Amino acid sequence: RKEFVDLYVNYVFNESIKKPFEDFMNGFLRGCPARKWKMFLPVQLQIVLQGHTKCDWNLLQKNVKYSQYEKLDRTIRNFWTVFHKLPEEKKKMFLAFLSGCDQIPGYGLEHFTFTIEDPKVENPDEFYPSANTCYRILFLPR
C-alpha cells in the first residue's frame with residue numbers, strides 16, 4: 001500500500017504536471033532569464049512579481065499629498081472617515097481605481113504616494129471623483 005500511495009502521490013504532484021510546468025518554465029525563462037532571479041529569496045521574488053498583499057492604510061493616509069486642499073479640510077476628513085470604514089476588498093478596489101493595480105508595489109507602502117487634488121469645478125455636486133492612474137492623482141470635488 002505504501003508503495004502504491006508513494007507512486008500515486010509522485011504521479012499527481014510531479015509526473016502529471018511535468019510537461020505543462022516545463023512549458024511554463026521555458027516561457028517564463030525566455031522573458032525573464034534565471035540568472036537575474038537568483039539574487040532574490042523566494043519571498044522577495046514573490047513581492048517583486050506580485051506586490052505586497054497586506055496594506056497599512058494609516059501609512060497610506062500619512063503619505064498623501066494635497067493640492068488645493070489642506071489636510072484638515074472637511075472634504076478630506078470626510079474622505080478618510082469613509083475610506084477607513086470600507087472593508088478591505090473595497091480599499092483594494094480604491095487602489096485599483098487610483099493606480100491601476102490593487103497591490104502595493106514591491107518597494108513598499110512607505111514609498112507609495114498619491115495626491116488628492118481639487119478639480120476646481122463650478123458645481124462640484126455634479127461631478128464624481130476621478131483619477132489619473134499614471135501620476136496617482138485623485139481628483140476629489142469638494
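Model, not experiment: these values are computed from the prediction.
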Mind running salt bridge (Lys or Arg N to Asp or Glu O under 4.0 Å) on D73 and R142 for me, showing each step along the way?
CA-CA 9 Å; D73 284 347; R142 289 186 184 268; 3.6 Å; yes
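- Side chain of Y69 to main chain of L140: a donor-acceptor pair is present (N/O by atom type, distance under 3.5 Å, no hydrogens or angles).
- I17 belongs to no hydrophobic cluster with other residues, because no ILVMFWY side-chain heavy atom falls under 4.5 Å from its own, directly or through intermediates.
- S99 contributes a side-chain N or O that, together with a main-chain N or O of C101, makes up a donor-acceptor pair within less than 3.5 Å.
- M93 and F112 fall into different hydrophobic clusters, where Ile, Leu, Val, Met, Phe, Trp and Tyr are joined by side-chain heavy atoms under 4.5 Å apart, directly or via other members.
- Checked by atom type and distance alone, the side chain of T113 never pairs as donor or acceptor with a backbone atom of N63 at under 3.5 Å.
- Taking both residues in full, the closest heavy atoms of Q61 and Y66 are given as O-OH, 4.3 Å, listed atom of the first, atom of the second, then distance.
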When the side chains of residues 18-28 are checked against the rest of the protein, which donor-acceptor pairs come out under 3.5 Å, sequence neighbours left out?
from : atom 1 : to  : atom 2 : distance (Å)
K19  : NZ     : D23 : OD1    : 2.9
K19  : NZ     : D23 : OD2    : 3.3
N26  : ND2    : E22 : O      : 3.2

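- Atom CD of E15 has more than 12 heavy atoms from other residues, nucleotides or ligands within 6.0 Å.
- A parallel orientation is assigned to the rings of F79 and F83, their planes being inclined by less than 30° (bins at 30° and 60°).
- The two residues L138 and P129 come nearest to each other via the heavy atoms CD1-CB, 4.3 Å.
- Here the CG atom belonging to N132 is positioned 9.5 Å from the CG atom belonging to L98, to the nearest 0.5 angstrom.
- Atom CG of residue L7 and atom NZ of residue K2 lie 10.0 Å apart, to the nearest 0.5 angstrom.
- The aromatic rings of F114 and F94 sit perpendicular to each other, their planes meeting at more than 60°, with 30° as the lower class boundary.
- Y128 and L86 are not part of a single hydrophobic cluster, where members link through side-chain heavy atoms under 4.5 Å apart.
- Each of I137 and V121 belongs to its own hydrophobic cluster when Ile, Leu, Val, Met, Phe, Trp and Tyr are linked at side-chain heavy-atom distances under 4.5 angstrom.
- Here the CZ-CD1 distance, from R136 to I116, works out to 13.5 Å after rounding to the nearest 0.5 Å.
- Looking at heavy atoms from C-beta onward, H84 lies in side-chain contact with N58 at the 4.5 angstrom threshold.
- Without hydrogens or angle criteria, R77 side chain to L72 main chain gives a donor-acceptor distance under 3.5 Å.
- Distance check: E89 CD to D102 CG gives 9.5 Å after rounding to the nearest 0.5 Å.
- Atoms CD and CZ, on E117 and F139 in that order, are 5.0 Å from each other to the nearest 0.5 Å.
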